[in-house]
Colleague: 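The structure that follows is given in the form of structure tokens.
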Amino acid sequence: MSVKKGLLGLNPPQREAAETISGPVLILAGAGTGKTRTVTTRIAGMLYSDIPGSQILAVTFTNKAAAEMRDRVASMVDQKMAEDVTICTFHSLCVRILRTCIERLGYKKNFTIYTASDQQGLLRKIIVRKVSKDEKLEPKVASMAISSAKNRGERPEDLDDALIAEVYRTYQRELRQLNAVDFDDLLILAVQGLKENPDIKKQWQRRFRYFMVDEFQDTNHLQMSLLRLLVGPEKNVCVVGDDDQSIYGWRGADISNILDFERFFPGPKIVKLEENYRSTNRILRLANGLIRHNRGRREKTLWSGRGEGELTRLIAMPDAETEADFVINDIVEEHRLQNRSYDDIAILFRMNTQSRLFEEKLREHEIPYKVIGGQSFYERREVKDVLAYLNLLMNNDDDVSLLRIITTPPRGIGENAIGMATQFSIDRQCSIFDALHDIEFLASLSMRAQNAISRFLEFLDRYTDSANTDSVNYAAMTEAMLEEIGYTDYVKRICKSPDEADMRRRNVHEFLEGMHQHVSNRKTGLRGFLDAVALMQDKEEKEDDKENGTGVSLITMHAAKGLEFPKCFIVGVEEGVLPHSRSVEEGSRDEERRLFYVGITRAMEKLTITWCHSRRRYGDLMPCMPSSFFKELDEDELEKTDYQTLADEPADEELAADYFARMKEMLSK
DNA sequence: TCGGCGGAGTTTTTT
DNA sequence: ACTCCGCCGA
Ligand SMILES: Nc1ncnc2c1ncn2[C@@H]1O[C@H](COP(=O)(O)OP(=O)(O)OP(=O)(O)O)[C@@H](O)[C@H]1O
């Protein structure tokens, strides 16, 4: 009966899926039909029937989804029970696997996880060395090409482009030498580790008995391989997904995994869910009408018991500035008149850069908000500097970090010495750290440089020791280290204004605070903290720390998948933005349509879609066209207006005055 | 060796 | 418009 209690709040098909804990289960259902709720309740139900949490693994696609699932499970069962369940992303699961067995694959245990910017730093170095000036290759382009090759399981020799193949080969060799792995390697190496080492595979298969994967439509082949390796002969594996919400094709995600699921895990119980518990029928019909334009898709029934609701507004704006003003005004009004919590409101967009204007306006109006995803705190220059120091202390062979900090602040080791050390490390196939120790290398330098290097190495050794000692206060250690090298003064020097220097100092402080908290809460050591940062696991937590974590959410439609908000704005919906021109070029219009579908289906009660007649691009004002997807939206579910009409309404006098004032200003320029 | 200036490129989406 | 990278003068 306690099992039943756990499964309360599910409808019959959901319940059937939750109760079927033996053998494969495939839940295929549209947006908002309670797939995730079924999974979380399923976990809770299992815990109620005395299955140890430690045997349960639930994999999600983003850290945010993992955190949310963990919270939801924790609210349903005893705290202790919930803690034992492993709920994480594929990537963090791989890190856990690799920390136990990467030595079998020729890496050292203290390997560093390279973020996108570390990766591009390394690629830049390789490109400069390998590629002549006339064939120009952007590090970013190279990283995309290499990443997609890796996700397709292709080796350098499988690539058509000889240039990329050569860069790829060198890149991979260097990563190994630096004892570093990139994001894709996490998956590749974990799969390889399990495949090549039956004992390790057995060990991990014994570790978990029950598996769940949310947003299964977004898994790629590597992730599928990993799942197959982990799932034991019992095949207790439940995956949930929606082919209409597949939006990560560009990362190698392939919905044919859904078909393959039946192949690898034969005879699954297939569950279909048709009742949407999230949105009003008007919103649902709008979304269904749009997605129906995708070719080769299986039609789904989807209905809602939440009433008809309001029409979706589709509003034309003169420019992005006015758009932001309008949205923020609407939010203020809703908050004041309807007493709507800011937490219930989200602004969705296609690209992270689109959030900036909205952030500014929200700050202006002193409205609390949170930017989810986007330019991370950890991408800040000063934070990256400190991170590079810490990464280097944990892995002295990490040349990318070493090269970053050896001149930050300048310490008498200049371009010349660094260039020679790099060359030496290439010739000798060793790390730069090792090169700096080499007597023969040192002999080729001036006395001055030799002294600077030996001071630097002494410094590194000293802090490497404390960083690798347990029960050290790492934040205090880092602070002492920064003090010793005069980092704060250095920052002051390179900043243009005292304000900027102050902000950067505060960022470093906040970073150290966060580090201290993470390390003392989880007892994972400095290594664990650095892994979490690389996997971007801490981002959300930071938000929460900022008391109650309340506010309007600013989020891309990609990152919003799986979330829901009573009131949503989808902004900047212009041709070239959604669908994005690059996607149209690549022929993935259908995926863009799915993305729009995901955006629309985030809204529970009220949806507003806006677009601009003109938008600033590369500095100057460019005319824009409305998204071609608008033609596919059912007119009956829409209330089409433009800003002018709204501004003429008396309620918005203030806003109109604002607008005309700005027009005047623009004309007078 | 260091810091300031000028030019180029910038806008997908995430782990 | 804004940021990052590379080049050059002190
Ligand atoms: N049986 C139910 N009774 C009441 N509410 C439900 C039920 N099932 C789901 N819900 C609610 O419906 C909303 C959507 O659920 P959930 O997020 O699990 O859907 P989903 O299928 O995972 O959606 P998406 O595919 O968009 O991520 C949630 O607020 C959830 O609490």
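By convention in this document, chain letters (A, B, ...) are assigned in the order of the sequence lines, proteins followed by strands, and residues within each chain are numbered from 1.
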Colleague: Going by salt bridge (charged side-chain N to carboxylate O under 4.0 Å, His left out), name the residues that satisfy it together with A/R228, two or more places apart in sequence or in a different chain.
Modeller: none
Colleague: Nearest to the side chain of A/N63 - B/dT12, B/dT15, B/dT13?
Modeller: B/dT15
Colleague: For A/Y248, answer base if it contacts any base atom (sugar-phosphate contacts may also be present), sugar-phosphate if it contacts only those atoms, and nothing otherwise; contact means non-hydrogen atoms under 4.0 Å.
Modeller: sugar-phosphate
Colleague: Please check the phosphate of B/dT13 (OP1 and OP2 only) for any side-chain N or O of A/N352 closer than 4.0 Å.
Modeller: yes
Colleague: In whole angstrom, give the distance that lies between atom CD of A/E591 and atom P of B/dT14.
Modeller: 13 Å
Colleague: Stepwise, does the side-chain hydrogen bond (donor to acceptor under 3.5 Å, both in side chains) test hold for A/E215 with A/Q217?
Modeller: CA-CA 5 Å; A/E215 309 284 10; A/Q217 75 280 354; 2.9 Å; yes
Colleague: Please enumerate all residues that pass ring-ring contact (aromatic ring centres under 6.0 Å, His included) together with A/F358, with sequence neighbours excluded.
Modeller: none
Colleague: So, does A/T556 get its side chain near the phosphate of B/dT14, meaning an N or O under 4.0 Å from OP1 or OP2?
Modeller: yes
Colleague: Rounded to the nearest angstrom, tell me the gap between atom CZ in A/R404 and atom P in C/dC4.
Modeller: 10 Å
Colleague: Rounded to whole Å, please give me the gap between CE in A/M622 and C1' in B/dT10.
Modeller: 13 Å
Colleague: Nearest to the A/R617 side chain among B/dT11, B/dT12, B/dT15, which nucleotide is it?
Modeller: B/dT11
Colleague: Within this structure, what is the CE-to-P distance between A/M536 and B/dT13, rounded to whole angstrom?
Modeller: 12 Å
Colleague: Where the side chain of A/M144 is defined as all heavy atoms beyond and including C-beta, which of B/dT15, B/dC2, B/dT12 is the nearest nucleotide?
Modeller: B/dT12
Colleague: Check whether A/S588 reaches the backbone of A/S583 with its side chain - one donor and one acceptor, N or O, closer than 3.5 Å.
Modeller: yes
Colleague: Report the residues that fulfil ring-ring contact (aromatic ring centres under 6.0 Å, His included) with A/H613, sequence neighbours left out, ordered by chain and then residue number.
Modeller: A/W611
Colleague: Round to the nearest Å and state the distance from A/Q120 atom CD to B/dT14 atom C1'.
Modeller: 13 Å
Colleague: Could you list the residues that satisfy ring-ring contact (aromatic ring centres under 6.0 Å, His included) with A/H221, not counting sequence neighbours?
Modeller: none
Colleague: Under the side-chain hydrogen bond (donor to acceptor under 3.5 Å, both in side chains) rule, what do A/T112 and A/N391 come out as? Steps first, then yes or no, please.
Modeller: CA-CA 7 Å; A/T112 306; A/N391 273 315; 4.8 Å; no
Colleague: Please name all residues satisfying salt bridge (charged side-chain N to carboxylate O under 4.0 Å, His left out) with A/R404, sequence neighbours left out, ordered by chain then number.
Modeller: A/D385
Colleague: Is A/E585 touching bases, backbone alone, or none of the nucleic acid, heavy atoms closer than 4.0 Å?
Modeller: nothing
Colleague: Can you check the A/Q245 CD to B/dT13 C1' distance for me, whole Å?
Modeller: 15 Å
Colleague: What's the closest nucleotide to the side chain of A/F183 if the choices are B/dT12, B/dT15, B/dT14?
Modeller: B/dT15
Colleague: Assign A/S583 to base, sugar-phosphate, or nothing according to its heavy-atom contacts below 4.0 angstrom with the strands shown.
Modeller: base
Colleague: Just how far, in rounded Å, is C1' of B/dT14 from CG of A/L535?
Modeller: 12 Å
Colleague: Rounded to whole angstrom units, what separation is found between the CG atom of A/N151 and the C1' atom of B/dT15?
Modeller: 10 Å
Colleague: Can you give me the N/O atom pairs linking the protein to nucleotides 5-9 of chain C at distances under 3.5 Å, or say none if there are none?
Modeller:
none

Colleague: Please state the P separation for the pair C/dC4 and B/dT13 - nearest whole angstrom.
Modeller: 16 Å
Colleague: May I ask you to check whether A/F61 and A/Y248 place their ring centers less than 6.0 Å from one another?
Modeller: yes
Colleague: Please figure out whether A/R350 or A/A116 has its closest DNA chain B nucleotide nearer the 5' end.
Modeller: A/R350
Colleague: List for me each residue that meets side chain to side chain contact (heavy atoms under 4.5 Å, CB included) alongside A/C101, sequence neighbours excluded, and say none if there are none.
Modeller: A/I97, A/I200
Colleague: According to ring-ring contact (aromatic ring centres under 6.0 Å, His included), who are the partners of A/F211, at least two apart in sequence or on a separate chain?
Modeller: none
Colleague: Distances for protein N/O vs nucleotides 1-3 of chain C N/O pairs under 3.5 angstrom?
Modeller:
none

Colleague: Would you mind telling me which residue lines up with the more 5' stretch of DNA chain B, A/H580 or A/T89, judged by nearest nucleotide?
Modeller: A/H580
Colleague: For A/K140, report the nucleic acid contact type (base, sugar-phosphate, nothing); a contact means any heavy atom under 4.0 Å.
Modeller: sugar-phosphate
Colleague: Regarding A/R411, tell me which of base, sugar-phosphate or nothing describes its non-hydrogen contacts under 4.0 Å with the strands shown.
Modeller: sugar-phosphate
